[in-house]
Amino acid sequence: TPAGRYEAESATISRGVAESNHAGFSGTGFVNYDNAAGAYVQWTVNAAQAGPVTLRLRYSNGTAVNRPMDITVNGTPAATGLAFAGTGAWATWQTKTLTVTLRAGANTIRATATTANGGPNVDYLDVQ
Ligand code: GCU
């Protein structure tokens with residue numbers, strides 16, 4: 001079973017940086033996306049067998065502006081423009097869930113910012 005926690009700071013980061021200056025994160029920090037469309041975090045999740053799982057992304061957004069992201073699984077869109085609304089403060093974390101289907105073996109799950117503001121700060125991906 002691929003169930004477990006996949007920290008963002010341990011994932012592949014394109015145009016973002018691991019930081020720890022806002023409290024409440026899991027692991028050793030979170031990812032601060034660059035303020036740019038196309039910035040992403042990508043996790044690899046190994047599944048023993050194909051099937052549906054629930055993904056839970058933990059994030060914060062200290063602005064009042066939504067920071068939508070596209071979620072892809074193995075390059076295929078699973079959610080387009082998924083909303084990551086303001087959480088009130090960078091140290092206030094919330095979660096967003098979606099259901100996706102994994103294949104047997106290695107799966108890449110990518111969360112890509114779609115606006116010039118970049119993504120929210122992302123703490124982890126839980127696979128349930
Ligand atoms: C601030 C904040 C960062 C955040 C950034 C942003 O600089 O400290 O954690 O990532 O704003 O707007 O993306």
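Side chains included, hydrogens not; waters and symmetry mates left out as well; all remaining heavy atoms used. Just so you know, ligand 1 is whichever comes first in the structure, and atom 1 is the first atom listed for that ligand.
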Show the nearest heavy-atom pair for residues Ala36 and Arg15, with the distance to one decimal. CB-NH1, 4.1 Å
Thr63 side chain near Trp90 side chain, heavy-atom distance below 4.5 Å: yes
If we only count heavy atoms from C-beta on, is the Thr87 to Tyr59 side-chain gap below 4.5 Å? yes
Identify, chain by chain and in numerical order, each protein residue with a heavy atom under 4.0 Å from an atom of ligand 1. His22, Asn32, Asn35, Arg67, Trp90, Asn121
Cut-off 3.5 Å, side chains only: do Ser14 and Gln42 have a donor facing an acceptor? no
Show your reasoning for whether side-chain contact (heavy atoms from CB on, under 4.5 Å) applies to Val31 and Asn121. CA-CA 5 Å; Val31 171; Asn121 288 349; over 6 Å; no
With a 4.5 Å limit on heavy-atom distance, are the side chains of Glu9 and Ser20 in contact? no
